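Here the structure is a predicted model, which is why all the values come from computation and not from measurement.
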Amino acid sequence: MEIKVRNVDPVAVKKIDELAKEKGISRQEFLKGQLETLAFFREQTNRELQLENMLEKVLQMMGQCSNTMDNMNEIMQELMGGDEPL
């Protein structure tokens, strides 16, 4: 598919050309990559937020599991009458 953009500031075009040259690609390749990135940015951001939320829940659950294991260890020590941790 083809997209045409008119009336772009010449200073912006010069900067785009410089960025493309730094990457060793054409202006067209550079702009194509930028447009594709922009198109999927919101979707990617939403995925990252979902992963961060899931990670936070996993970390909370691991903390709860750790506390439960510590409590069980203390109970086992009391039942066995020992002073050393298991």
Side-chain angles (χ1 to χ4, degrees):
M1 182 167 276
E2 191 172 308
I3 297 175
K4 291 183 181 184
V5 180
R6 294 182 176 87
N7 301 320
V8 179
D9 185 321
V11 175
V13 174
K14 183 178 178 185
K15 183 64 178 173
I16 289 167
D17 288 344
E18 290 171 3
L19 293 169
K21 186 176 179 181
E22 286 175 12
K23 292 181 177 265
I25 59 176
S26 68
R27 177 194 302 163
Q28 191 275 332
E29 288 176 289
F30 178 79
L31 290 172
K32 178 181 177 286
Q34 293 297 305
L35 285 171
E36 289 172 349
T37 298
L38 179 63
F40 297 108
F41 180 75
R42 179 179 288 162
E43 184 177 315
Q44 184 65 28
T45 301
N46 288 339
R47 285 185 188 155
E48 288 174 7
L49 289 173
Q50 289 174 344
L51 287 172
E52 286 176 11
N53 289 337
M54 188 183 316
L55 180 59
E56 183 62 33
K57 289 177 183 179
V58 167
L59 291 173
Q60 289 175 0
M61 184 61 68
M62 289 176 70
Q64 290 174 357
C65 288
S66 177
N67 290 339
T68 299
M69 289 190 317
D70 288 343
N71 290 338
M72 290 176 67
N73 194 20
E74 288 176 15
I75 291 169
M76 288 178 69
Q77 284 180 20
E78 290 175 11
L79 291 173
M80 296 176 74
D83 293 332
E84 295 183 21
L86 297 176

How does the hydrophobic cluster around [X] look, that is, which other residues are in it when side-chain heavy atoms under 4.5 Å mark a link?
X: Phe41; answer: none
X: Val13; answer: Ile3, Val5, Val8, Leu35
X: Ile16; answer: Leu19, Ile25, Phe30, Leu31
X: Met1; answer: none

Between atom CG of Asn67 and atom CE of Met62, what is the distance when rounded to the nearest 0.5 Å? 12.0 Å
Which residue pairs satisfy the salt bridge (Lys or Arg N to Asp or Glu O under 4.0 Å) criterion with at least one member in [range], sequence neighbours excluded?
range: residues 28-39; answer: Lys32-Glu36
range: residues 5-17; answer: Asp17-Arg27
range: residues 44-73; answer: Glu43-Arg47

Minimum heavy-atom separation for Ala20 and Ser26, please, with both atom names.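 Looks like CB-O, 3.7 Å.
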Non-neighbouring partners of Met69 that pass side chain to side chain contact (heavy atoms under 4.5 Å, CB included), sequence neighbours left out: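 Met69 satisfies side chain to side chain contact (heavy atoms under 4.5 Å, CB included) with no residue once adjacent residues are dropped.
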Test side chain to side chain contact (heavy atoms under 4.5 Å, CB included) applied to Leu51 - qualifying residues, sequence neighbours left out: none
With distance as the sole test, does Thr37 use its side chain to make a donor-acceptor pair with the main-chain N or O of Gly33 at under 3.5 Å?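 Side chain of Thr37 to backbone of Gly33: a pair is present.
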